[in-house]
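Below is one structure, written out as structure tokens; the observations come after it.
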Amino acid sequence: MQGIDELHAVVKRLRVECPWDAAQTPQSMRPYVLEEAHEVLEAIASGDPAAIQEELGDLLFQIVLISAMFEASGEFDLDRVAAGIAAKMVRRHPHVFAQDAQGRPPADAKETIAQWEADKQRRRGPQGSILDGVPKTLPALLRAHRVGEKVAHVGFDWPDVSGVRAKIDEELAELDEALEQQDPAAIRHELGDVLLSTANLARFLELGPEDLLQDANRRFEGRFRTLEELARQGGLVLHEQSPQTLERLWAQAKALHAAAFGE
């Protein structure tokens, strides 16, 4: 592919002629990879193809740059990275590239995922854990979601949504008890369990908890910015207002957002 070859050549030149690029290591690139991945997610959420293309390019640059570092040390190169993932995808899609053991394709997406997990387990061996492939550096909500998905694949899950919902009530009751006892360690523990249970409810409903919280953050921020504008229009200084006044402004802001955006 001409574009990939061109990018590869650009990166190799930068590694020689640019002091910053030459000084980077795989470890130093970690925050940039994370930042670019999040910018890709933000672009996808925007629905803007031009932004998505640009941000995918930025993320691809990180991949090519890190691959070039290992190429220089003789470990592997970009071609081996691409060949490796191609081989993995072929292996994990026997219903596309070969017949599976039953001689039939998977019935649906869930059965496809089950085949993936079976392949991963075979490669981990009998001593491996199904949780081994979940990165510890994932954002906590996303990691809770992925861990829940993994254990659900082996049947460790609630039979229906009412069980997950009841678990949240159970954890809230334990949090209330910790709050009543004013036990900081117990409060920390139980509040974490509440968050984990809530993430599991989102997963059970096939909703991404990270996306849900991002949406909630966006709604709150939009409403609060409207509250600030209402205060400015009324000649009010926010930090001088009573809780009752702030609550009134908040109700007005919510009503305006509901009328404008339906949320």
Side-chain angles (χ1 to χ4, degrees), residues 1-93 96-97 109 112-113 116-117 119-120 123-124 131-147 149-150 199 202-203 207-218 221-222:
M1 296 176 67
Q2 182 177 351
I4 293 293
D5 291 340
E6 182 179 353
L7 176 59
H8 192 204
V10 166
V11 166
K12 293 185 77 170
R13 182 170 178 178
L14 288 174
R15 286 287 289 170
V16 174
E17 299 182 27
C18 174
W20 187 90
D21 289 279
Q24 299 313 303
T25 67
Q27 286 295 324
S28 72
M29 293 304 299
R30 292 174 63 196
Y32 301 108
V33 172
L34 182 61
E35 178 181 345
E36 296 299 348
H38 280 285
E39 290 184 2
V40 168
L41 295 178
E42 188 171 332
I44 291 173
S46 77
D48 181 352
I52 296 170
Q53 176 184 325
E54 180 179 353
E55 298 305 338
L56 285 174
D58 289 345
L59 182 58
L60 181 59
F61 174 79
Q62 312 298 320
I63 295 169
V64 176
L65 179 57
I66 294 171
S67 297
M69 296 174 188
F70 284 95
E71 181 180 0
S73 64
E75 299 290 336
F76 60 81
D77 59 15
L78 183 63
D79 188 65
R80 286 180 62 184
V81 171
I85 188 59
K88 180 188 290 187
M89 290 301 103
V90 169
R91 185 178 70 247
R92 290 187 177 171
H93 293 81
V96 175
F97 299 100
T112 302
I113 293 173
W116 282 41
E117 293 300 329
D119 177 72
K120 291 179 183 179
R123 291 182 168 272
R124 280 190 296 264
L131 302 180
D132 287 345
V134 183
K136 292 181 173 58
T137 54
L138 282 178
L141 269 179
L142 178 57
R143 190 162 193 269
H145 183 94
R146 293 293 291 132
V147 166
E149 284 183 329
K150 292 286 188 181
R203 173 189 57 80
L207 300 169
E210 191 75 26
D211 293 337
L212 295 179
L213 188 54
Q214 288 285 8
D215 286 345
N217 285 336
R218 176 185 54 77
E221 181 178 343

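Here the shortest heavy-atom pairing between F61 and L7 reads CD1-CD1, 4.1 Å. Residues V64 and V11 come closest through the heavy atom pair CG1-CG2, 3.7 Å. Between E17 and P19, the shortest heavy-atom contact is O-CD, 3.6 Å.
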Exercise for review: Test L14 against V10 for side-chain contact (heavy atoms from CB on, under 4.5 Å), laying out the working first.
Suggested key: CA-CA 6 Å; L14 288 174; V10 166; 3.9 Å; yes
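Taken to the nearest 0.5 Å, the NZ atom of K150 stands 8.5 Å off from the CG atom of L131. In this structure, the separation between SG on C18 and CZ on R13 is 11.5 Å, given to the nearest 0.5 Å. To the nearest 0.5 Å, the span separating CD1 on I63 from CD on E36 amounts to 10.5 Å.
Considering only heavy atoms from C-beta on, F70 stays 4.5 Å or farther from D77 through its side chain. No side-chain heavy atom of L141 sits less than 4.5 Å from a side-chain heavy atom of L212. Put simply, the side chain of N217 reaches to within 4.5 Å of the side chain of L213, judged on heavy atoms.
The side-chain contact (heavy atoms from CB on, under 4.5 Å) search around M29 returns W20, Q24, Y32, Q62, L65, I66, M69, not counting sequence neighbours.
Without hydrogens or angle criteria, R146 side chain to L138 main chain gives no donor-acceptor distance under 3.5 Å. The closest donor-acceptor contact from the side chain of H93 to the backbone of M89 lies under 3.5 Å.
Counting heavy-atom neighbours within 6.0 Å of R218 CZ, excluding the residue itself, gives a total above 12.
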Let me check something: any side-chain donor-acceptor pairs from residues 40-60 under 3.5 Å, sequence neighbours excluded? List them with distances.
| residue | atom | partner | partner atom | Å |
| --- | --- | --- | --- | --- |
| S46 | OG | A43 | O | 2.5 |
| S46 | OG | D48 | N | 3.2 |
| D48 | OD1 | A50 | N | 3.0 |

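Among pairs with a residue in residues 136-145, those fulfilling side chain to side chain donor-acceptor pair (under 3.5 Å) read H145-E149, at least two apart in sequence or across chains.
The pair E71-K12 meets the salt-bridge criterion, since a charged nitrogen lies less than 4.0 angstrom from a carboxylate oxygen.
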